[in-house]
> 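Below you'll find the structure I mean.
Here is the naming used below: chain letters follow the sequence lines, and residue numbers restart at 1 for every chain. Bear in mind that the values here come from a model prediction, so they are computed numbers and not experimental data.
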Amino acid sequence: MSFAKKIIEWYHEHQRDLPWRNTRDPYKIWLSEIILQQTRVEQGMPYYLRFVERYPDVLSFANASEDDILHLWQGLGYYSRGRNMHKAAGIVRDEYQGEFPKAYDELIKLPGIGEYTAAAISSFSNDEAQAVLDGNVFRVLARYFGIDTPINTPAGKKIFSQLAKENLDRTYPALYNQAIMDFGALQCKPKSPLCQQCELQLDCYAKVNDVIADLPVKIKAKKSRNRYFHYFIIQRDEEILMSKRGASDVWENLYEFPMIETSEALEGMSIAAHQEFLDIFGSEVQLTLLQTNKKHILSHQHIYATFYRLLDPRGLERKKINWNYVLLKDLDKLAKHKLIFSFLETAKL
DNA sequence: AAGTCGGGGTG
DNA sequence: CACCCAGACTT
């Protein structure tokens, strides 16, 4: 029996019932696929349900503001996905007459849609014969066929892409693609895969040769760097000063409190003697500590955040044009990153 | 080819 | 703590 047939047979016994599998609507499939990029099904599920309810079609999505999209995306991470979705929806509205494309060659042109996502949408919505290649597929193919080329290199990408294409069931592309990903997620898991009860174990290179834990091979990521953020809670009446983050850094276009970054950790209130602080706020301010060294871990950096309350700042508006006072009652309408909204959940403002 | 972009779960 | 997740994009 072919590899594809075995995978599909396994799928018929073990498949998950997921909401985006009950539709052929390329828009809804697109929503699910973008949300699930580098994201577990359990984590993405509530976001998918909220997006489908709030934006039932691509036109309602395209006609929303980027701030609205990011707000609904809040907490999910990799926010460029939300920004790119908003751009893509606008293109579908303006250049595709609002009809979401199903063809791989059209999908691949849209921002935020790469090879994996184009293959997923085109196969799931229209049974186009495109093989998906995601983290699950890399792992399953590496183990079953015994491929030790690192998966996160151009050479590995090429080999696995070819292998995925060769093994695609061209009669049932959608079924096969769903099957191999579920197989990777549920059976051929990264850690402690369920080999003992696996119907494919006798044909699996890694199982037969006892190298399951060694496959797939992946080049180690670089160590993360430390950053030190200092946030200032600045209120007047029922308002609070907020800032929108700029480009080419984490959390682009999300809102947070005015802040200063330092290259090293600072003791106590020594931020008040920092040159950048003096340039912005001057020396005639009252500063109190609210929370120190809150650690926030991202993929490539460890951020240590300190929160201060700052009273009596003068002449700020002229210095920072991207800072604006926001009504406290409107604060939850802004798209904020985790560091900010988790602070707000515990803080008394 | 390497770096960057989040947040959460697992062992 | 290291590793991984229905990856894409920039440099």
Side-chain angles (χ1 to χ4, degrees), chain A residues 15-16 18-21 29-48 70 73-85 87-88 107-124 130-140 142 150-158 160-161 164 174 176-186 188-193 213 216-225 227 245 247-254 295-303 335-342:
Chain A
Q15 65 174 285
R16 291 177 286 188
L18 303 173
W20 45 87
R21 286 181 174 162
I29 294 169
W30 168 69
L31 275 180
S32 73
E33 290 303 335
I34 304 293
I35 287 172
L36 293 174
Q37 286 170 5
Q38 293 294 286
T39 304
R40 294 165 194 284
V41 165
E42 308 79 57
Q43 188 187 2
M45 179 79 77
Y47 286 85
Y48 172 78
L70 289 178
W73 198 272
Q74 176 173 297
L76 193 54
Y78 282 165
Y79 297 91
S80 66
R81 292 182 290 173
R83 298 193 303 271
N84 281 332
M85 283 180 99
K87 290 179 197 162
L107 291 163
I108 195 74
K109 298 177 188 170
L110 294 172
I113 298 185
E115 292 176 10
Y116 162 76
T117 305
I121 300 174
S122 62
S123 64
F124 298 154
Q130 299 286 349
V132 293
L133 182 54
D134 73 333
N136 291 308
V137 179
F138 272 117
R139 183 172 58 256
V140 171
I151 62 174
N152 53 344
T153 62
K157 187 89 195 303
K158 193 173 176 181
F160 283 95
S161 181
Y176 169 80
N177 280 337
Q178 299 278 20
I180 191 169
M181 287 195 288
D182 251 14
F183 181 77
L186 302 176
C188 196
K189 301 184 293 179
K191 304 288 183 183
S192 44
V217 175
K218 197 170 183 178
I219 306 290
K220 308 269 183 227
K222 209 190 66 172
K223 271 200 61 180
S224 59
R225 62 180 168 135
R227 302 177 73 176
R245 286 186 70 89
S248 25
D249 199 356
V250 288
W251 302 318
E252 177 180 340
N253 289 4
L254 270 65
K295 188 174 183 180
H296 188 73
I297 298 175
L298 305 180
S299 298
H300 295 85
Q301 44 191 297
H302 290 186
I303 293 173
K336 303 167 289 293
H337 54 85
K338 160 108 179 167
L339 202 41
I340 300 302
F341 67 69
S342 65

> Please confirm whether the backbone N or O of A:Q74 pairs with a side-chain atom of A:Y47, one donor and one acceptor, at under 3.5 Å?
yes
> Taking only residues two or more places apart in sequence, or in another chain, which ones meet A:L70 in a side chain to side chain contact (heavy atoms under 4.5 Å, CB included)?
A:E66, A:Y79, A:R83, A:N253, A:L254, A:A335
> Mind running salt bridge (Lys or Arg N to Asp or Glu O under 4.0 Å) on A:R81 and A:E33 for me, showing each step along the way?
CA-CA 10 Å; A:R81 292 182 290 173; A:E33 290 303 335; over 6 Å; no
> Mind checking the C1' distance from C:dC5 to B:dC5? Whole angstroms is fine.
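About 15 Å, rounded to a whole number of Å.
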> Are A:Y116 and A:Q37 close enough that a side-chain donor and a side-chain acceptor fall under 3.5 Å?
no
> Going by an N to O cut-off under 4.0 Å, is there a salt bridge joining A:D134 and A:R139?
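No, this pair does not count.
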> Strictly under 4.0 angstrom, non-hydrogen atoms only: write out the protein contact profile of nucleotides 5-11 of chain B, one letter per nucleotide from the 5' end, B, S or -.
BBBBB-S
> How far does the P atom of B:dG6 sit from the matching atom of C:dT11, given to the nearest Å?
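Rounded to whole Å, the distance is 15 Å.
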> Give me the first and last nucleotide of DNA chain C, going 5' to 3', that has any atom under 4.0 Å from a heavy atom of chain A.
C:dC3 to C:dC9
> Do you know which two heavy atoms are closest between A:F341 and A:K336, and how far apart they sit?
CD2-O, 3.6 Å
> Name the nucleic acid region contacted by A:W73, choosing base, sugar-phosphate or nothing; use a 4.0 angstrom heavy-atom cut-off, strictly under.
nothing
> Taking for each residue the nucleotide of DNA chain C with the nearest heavy atom, is it A:E33 or A:N84 whose nucleotide lies nearer the 5' end?
A:E33
> When the ring centroid of A:W73 is compared with that of A:H337, is the distance short of 6.0 Å?
no
> Of A:K223 and A:D134, whose nearest nucleotide on DNA chain C comes first from the 5' end?
A:K223
> Taking atom P in both C:dA6 and B:dT10, what distance in whole Å separates the two?
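So the two P atoms sit 12 Å from each other.
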> For A:T117, answer base if it contacts any base atom (sugar-phosphate contacts may also be present), sugar-phosphate if it contacts only those atoms, and nothing otherwise; contact means non-hydrogen atoms under 4.0 Å.
sugar-phosphate
> Just to verify, which of A:V140, A:N136, A:L36, A:L186 counts as forming a side-chain contact (heavy atoms from CB on, under 4.5 Å) with A:M181?
A:N136
> Check for a donor-acceptor pair, side chain of A:D182 on one end and backbone N or O of A:R16 on the other, with a separation under 3.5 Å.
yes
> When we call it a touch if two heavy atoms are under 4.0 Å apart, what does A:L18 touch: a base, just sugar-phosphate, or nothing?
base
